[in-house]
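Everything on this sheet refers to the single structure shown next.
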Protein chains: 2
Amino acid sequence: MPSSEGTSKKLNCFTCQRRERNEWCVLSDEELKMLDRGRVTKEYMPGEVIFHEGDACRGVYCLEVGLVGVRKSNADGNSILLHLNNPGDTMGYRALLAGEEYRASGEALEPSRVCLIDAATVRTLLTHNPALGLRYLTRVSQNLGSAEEKILHNATFSVRARFAHLLTVLVDRYAESKDESPVEFELPLSRHDLASMIGTTPESMSRTIAKMEQDGIATFSGRRVSIPLLETLVQEFEPEHFI
Amino acid sequence: MPSSEGTSKKLNCFTCQRRERNEWCVLSDEELKMLDRGRVTKEYMPGEVIFHEGDACRGVYCLEVGLVGVRKSNADGNSILLHLNNPGDTMGYRALLAGEEYRASGEALEPSRVCLIDAATVRTLLTHNPALGLRYLTRVSQNLGSAEEKILHNATFSVRARFAHLLTVLVDRYAESKDESPVEFELPLSRHDLASMIGTTPESMSRTIAKMEQDGIATFSGRRVSIPLLETLVQEFEPEHFI
DNA sequence: CGGCACGTTGATCAATGTCAAGCAGTGTGG
DNA sequence: CCACACTGCTTGACATTGATCAACGTGCCG
């Protein structure tokens, strides 16, 4: 699904629709010009790696079209899927801002178009426009909050509760409407990737799904999900022990 | 152990020894004056809460003396210990920078002296001195890296491996010297808190400790630990499967 | 003394990982 | 077109981990 909107012969940061949704929205025209000069756009097919854990930071990646998964793995070959990035999202900024190497890998999960903004350019923009830094400061601080939330979540919830939670997040992001019942939508992930998002195995994932179907929480057919009542799903991880 | 060094009759940000070790080191004299005006110092006994999860952010806390644990808990009453803060460390900046409420609580684990820098003051300093913002940007980005590391770590390692890892971290921070064998030092935490740092129960903690003693990894007597060989401890979480 | 927090230990059980097999769908080469 | 391999998913059997519940010892403090 390349270039659904961009029949634009010349793609650039000025005409980029996504810009309103990310940090670059604070840039002046002058700075946008600089951003555009520091940009290299590339297309990736599913499975292709955009940046790799351990690599020196090349800059900030800006997703224009597609879906990108951010993975992190340890020495034993285990890995987890930390984030899903949608069009408009930026990636790789953590490494740049921390002055480190990438500590996770970015991999296209759908055909994607990604712009790389050169590290030197981003650094120049950061010193040039303090508002950009503050913007990132807010963003990274919120990310840190979410990450710490996730640590607690993983430590104290069961696989089933974590999956229920993940499902509601996916509904929020990928379902057309979450107001009608049943809510139906297409999972953007394989079973394996679903499992690695909640830190479990594909086998446990499969069993959890089967059990939740039995309990009438949701029905699964391939990647198609139907949830009769969102409320029941939410109760899986929000115990309403108000007696 | 109050005021081990500060027989200074008048405690302030200029004479504060800790300042060199945190973000405030980038401030000018003028700005330091502002910092000092926005400061309120308070002492806490073990168990006392310094800031509380869910509270509106009052500012940034600066630990001068003592030890503070940062806890996060969920609706069911489970909780984990996210960080340990030592003199010179600052706390609560995540909430301020994200523009959120505190999402964790700070609790004195030892008698502590803590300065609170008023939120408005910090915000003024941030807009006034971009270097401070960049400093925090680096800091928070590194924290985010550690948090994501921890997510992977918790998801893929056993309780024993996680505890071994925690022990090496504690050795780094609290042992006099880690070059002599055996390494000996005093744990700054109760069994319960050790457990909540790696997301397990005190019972499992106890058993893990017992088993590691049997295996000759370390000996425990109350809070006193002795580690014959650091290398063997490290191997508990760094499998050297180079065959 | 009695109560209480802390730590340990035992017994038990549920949750989850591991290993192995099988099945459906898909593409490939003969 | 078929045989084959391959991948993703599911299922079963089993082992292991770790949580839970309960009991008990120890030291501390009123």
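Just so you know, these numbers use all the heavy atoms, side chains as well, and skip hydrogens, waters and symmetry mates. Here the structure is a predicted model, which is why all the values come from computation and not from measurement. Letters A, B, ... are given to chains in the order of the sequence lines, protein chains preceding strands, and every chain is numbered from 1.
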>> What I'd like to find out is whether the side chain of B/Glu53 reaches to under 4.5 Å of the side chain of B/Ser73, using heavy atoms alone.
In response: yes
>> Could you tell me how far apart A/Phe220 (CZ) and D/dG8 (C1') are, to the nearest whole angstrom?
In response: 17 Å
> Can the ring centres of A/Tyr174 and A/Phe185 be said to be less than 6.0 Å apart?
Replying inline: no
> Atom CZ of B/Arg162 and atom C1' of D/dG18: how far apart are they, to the nearest Å?
Replying inline: 10 Å
>> Tell me which one of A/Arg191, A/Arg71, A/Met205 satisfies side-chain contact (heavy atoms from CB on, under 4.5 Å) with A/Ser196.
In response: A/Arg71
>> Rounded to whole Å, how long is the line connecting atom CG of B/Asn154 with atom P of C/dG17?
In response: 14 Å
> For the pair made of CG in A/Leu187 and C1' in D/dC9, what is the distance, rounded to whole Å?
Replying inline: 14 Å
> In whole angstrom, what separates A/Arg223's CZ from D/dT7's C1'?
Replying inline: 13 Å
>> One pair to check against salt bridge (charged side-chain N to carboxylate O under 4.0 Å, His left out): A/Glu43 and A/Arg113. What are the steps and the verdict?
In response: CA-CA 4 Å; A/Glu43 312 237 343; A/Arg113 184 162 61 238; 3.3 Å; yes
>> Using OP1 and OP2 only, check whether a side-chain N or O of B/Thr201 sits under 4.0 Å from D/dG18.
In response: no
>> Can you measure A/Ile198 atom CD1 to C/dT16 atom C1' for me and round it to whole angstrom units?
In response: 11 Å
>> What is the distance, to the nearest angstrom, from the CG atom on B/Leu194 to the C1' atom on C/dG7?
In response: 12 Å
>> Using the salt bridge (charged side-chain N to carboxylate O under 4.0 Å, His left out) criterion, which residues pair with B/Arg103? Sequence neighbours excluded.
In response: A/Glu149, B/Glu100
Which donor-acceptor pairs under 3.5 Å do the side chains of residues 212-219 of chain A make with protein atoms, sequence neighbours left out?
{"residue": "A/Glu213", "atom": "OE2", "partner": "A/Phe220", "partner atom": "N", "Å": "2.4"}
{"residue": "A/Asp215", "atom": "OD2", "partner": "A/Arg160", "partner atom": "NH1", "Å": "2.9"}
{"residue": "A/Asp215", "atom": "OD2", "partner": "A/Arg160", "partner atom": "NH2", "Å": "2.9"}

>> Counting C-beta onward and ignoring hydrogens, is there a side-chain heavy-atom pair between A/Val65 and A/Ser112 closer than 4.5 Å?
In response: no
> Which residue pairs satisfy the salt bridge (charged side-chain N to carboxylate O under 4.0 Å, His left out) criterion with at least one member in residues 167-184 of chain A, sequence neighbours excluded?
Replying inline: A/Asp172-A/Lys178, A/Glu184-A/Arg224
> How would you list, by chain and number, every residue that makes a salt bridge (charged side-chain N to carboxylate O under 4.0 Å, His left out) with B/Asp89, sequence neighbours excluded?
Replying inline: none
> Where along nucleotides 8-13 of chain C does protein come under 4.0 Å, by heavy atom, of base (B) or sugar-phosphate alone (S), with - for untouched nucleotides?
Replying inline: BBBB--
>> Each nucleotide in nucleotides 24-30 of chain D should get exactly one letter: B, S or -. Can you fill that in based on protein heavy atoms under 4.0 Å?
In response: -------
> Whole-Å distance between D/dT11 C1' and A/Glu213 CD?
Replying inline: 14 Å
